[in-house]
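Chain A is the first sequence line, chain B the second, and so forth, proteins listed ahead of strands; every chain is numbered from 1. Quantities reported herein were computed from a predicted structural model and do not represent experimental measurements.
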Protein chains: 2
Amino acid sequence: MDMQLEHTDLLPSLPVFDGVGRVHLAWLASVARRLSLKRGETLFEKGQPVQFLYILLNGHIKLAVPAGHGQEKILEFLKPGDAFGESVLLPDHRWIATAQALFPCKLLALSLSDLATAVERSPAFGLRLLANVSQRVETQFMDQESGALRNAVQRVAEYVLRQPKVGNQARFLYHKRAIASRLGLQPETFSRSLKQLVTDGLITVQGARIVIHDEDALQAMVA
Amino acid sequence: MDMQLEHTDLLPSLPVFDGVGRVHLAWLASVARRLSLKRGETLFEKGQPVQFLYILLNGHIKLAVPAGHGQEKILEFLKPGDAFGESVLLPDHRWIATAQALFPCKLLALSLSDLATAVERSPAFGLRLLANVSQRVETQFMDQESGALRNAVQRVAEYVLRQPKVGNQARFLYHKRAIASRLGLQPETFSRSLKQLVTDGLITVQGARIVIHDEDALQAMVA
DNA sequence: CGCCTATTTGAGCGTCGTCAATCCAGGTGG
DNA sequence: CCACCTGGATTGACGACGCTCAAATAGGCG
């Protein structure tokens, strides 16, 4: 199968390319670098110069800052359709966090000049990028709110509710250790908080599997 | 003095309009609504639909979420040149926080259609907006990092270092209560943390005035 | 089947939040 | 010009939530 066509076909399904004309998409697909990452592979590290805007087509990536003793604080989980590295627009900018693949990834990389040309040719693409990063700011705000206003059990309940559900079932996509870090908790505290929800009869947990018994009570807990 | 010309002249001095052609600036100035806020006045409240992208020309605004018992958690201090409300691009979006003037403000408001037209006419403006919001994401990341990795005294030291200094002098622009909220601390804890820095001989504080005696030690404290 | 890592569980402690009282500064009016 | 007054800031005492250290258990992958 033609690699280039494969990627071109993938593009229209991502919201970040909504409303971007076919011809512009083709141009994007032609100039953008294509990258693949294996699970665990590092895309960039804190301190390196920002050279590209990345668009994640496939897979999951964590953005994290090292915290000594082999610890880290996870700032964000990146999902397909997410764009990151807009700070390529800021002069002499360096990454403030490290990006590492949690699952095998495919992504596009746009250099600063390609990004500028792309927005020049397709202002709609510029607006899509703006909407995307705007969404990320809002997510950060909600995280800040949760971190400041809610306790450990409430934050865990909130996280469970946000997971995609089929019926009343859900799964932890990432390691519990990683989720704990994302929520600003120690793994031990995360474990105890989950146990609390189980003890209260709101959920049951088996490994990465979650069954939600009382969604309303979970909602009430975070409100 | 002509109000419109006054604002038009103000625009080129803000980084967010760098590289945006004179003619586009004039167009922006002609279509954008102009707003003034008195100290304490509310621009929008949590839950209201997002109708405009705002660009702060002058003054300071706080973005905060109410937290019950008349409390609030301040998410961000907005300064001249900051743009906010890019989420006007997201469908059916509502404000997740309240905006209130901390000082008298002047600002521009762009409707969704005006924003789209502006980026259409001047892709450079789109890139500037992207850079601006990108900067805000990074600030959020650094806040998350501080909140997770540093204790109260370290966060206060970090905040002091970030204030604009003349010689070894600086000032708290906002009420300590507000700064505490921004740092994710109670006013009492903020006060005690400042006292700690004073006791250690790193700074002295009189009301809103700060004198920095040992900047290196402050830096070392947050590293 | 066995190793290695992730997760869970337990015990103890420290930081920060809560509640309450006091202190202080800036603004107002006599 | 000074006394008052009001809201912010400070200080103290105490408790709780989440962190740290340590050990046991479970789970995944070769």
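- Defined by atom type and a distance below 3.5 Å, a donor-acceptor pair is present between the side-chain atoms of Ser146(A) and Glu158(A).
- Among Val205(B), Val211(B), Ile210(B), the one residue that satisfies the side chain to side chain contact (heavy atoms under 4.5 Å, CB included) test with Val198(B) is Val205(B).
- Considering only the side chain of Gln186(A), dC19(D) comes nearest among dT11(D), dC17(D), dC19(D).
- Checking dG18(D), dG12(D), dT8(C) against every side-chain atom of Lys195(B), the shortest atom distance belongs to dG12(D).
- Taking atom CD of residue Gln154(A) and atom P of nucleotide dC17(D), one finds them 11 Å apart after rounding to whole Å.
- When the nearest nucleotides of DNA chain D are assigned to Tyr174(B) and Arg192(B) by heavy-atom distance, the more 5′-ward of the two goes with Tyr174(B).
- The separation between Gln196(B) atom CD and dA9(D) atom P is 20 Å, rounded to whole Å.
- Within the 4.0 Å cut-off from OP1 or OP2 of dT8(C), at least one side-chain nitrogen or oxygen of Ser191(A) is found.
- At a cut-off of 3.5 Å, with distance as the only test, no side-chain donor of Thr98(A) or Lys46(A) sits close to an acceptor on the other residue.
- To the nearest angstrom, C1' of dT7(C) lies 17 Å from CZ of Arg209(A).
- Rounding to whole angstrom units, CG of residue Leu102(B) and C1' of dG8(D) are separated by 15 Å.
- Rounded to an integer number of Å, the gap from NE2 of His69(B) to P of dA20(C) is 13 Å.
- The nearest whole Å value for the distance from the NZ atom in Lys73(A) to the P atom in dC19(D) is 10 Å.
- Side-chain N/O atoms of Gln135(A) and Ser87(B) include no donor and acceptor closer than 3.5 Å.
- Nearest-nucleotide positions on DNA chain D place Arg155(A) closer to the 5' end than the other of Arg155(A) and Glu188(A).
- The interatomic distance linking Arg177(A) (CZ) with dG28(D) (C1') rounds to 16 Å, in whole Å.
- Here dT8(C) presents its P atom at 8 Å from CZ of Phe190(A), a figure rounded to the nearest Å.
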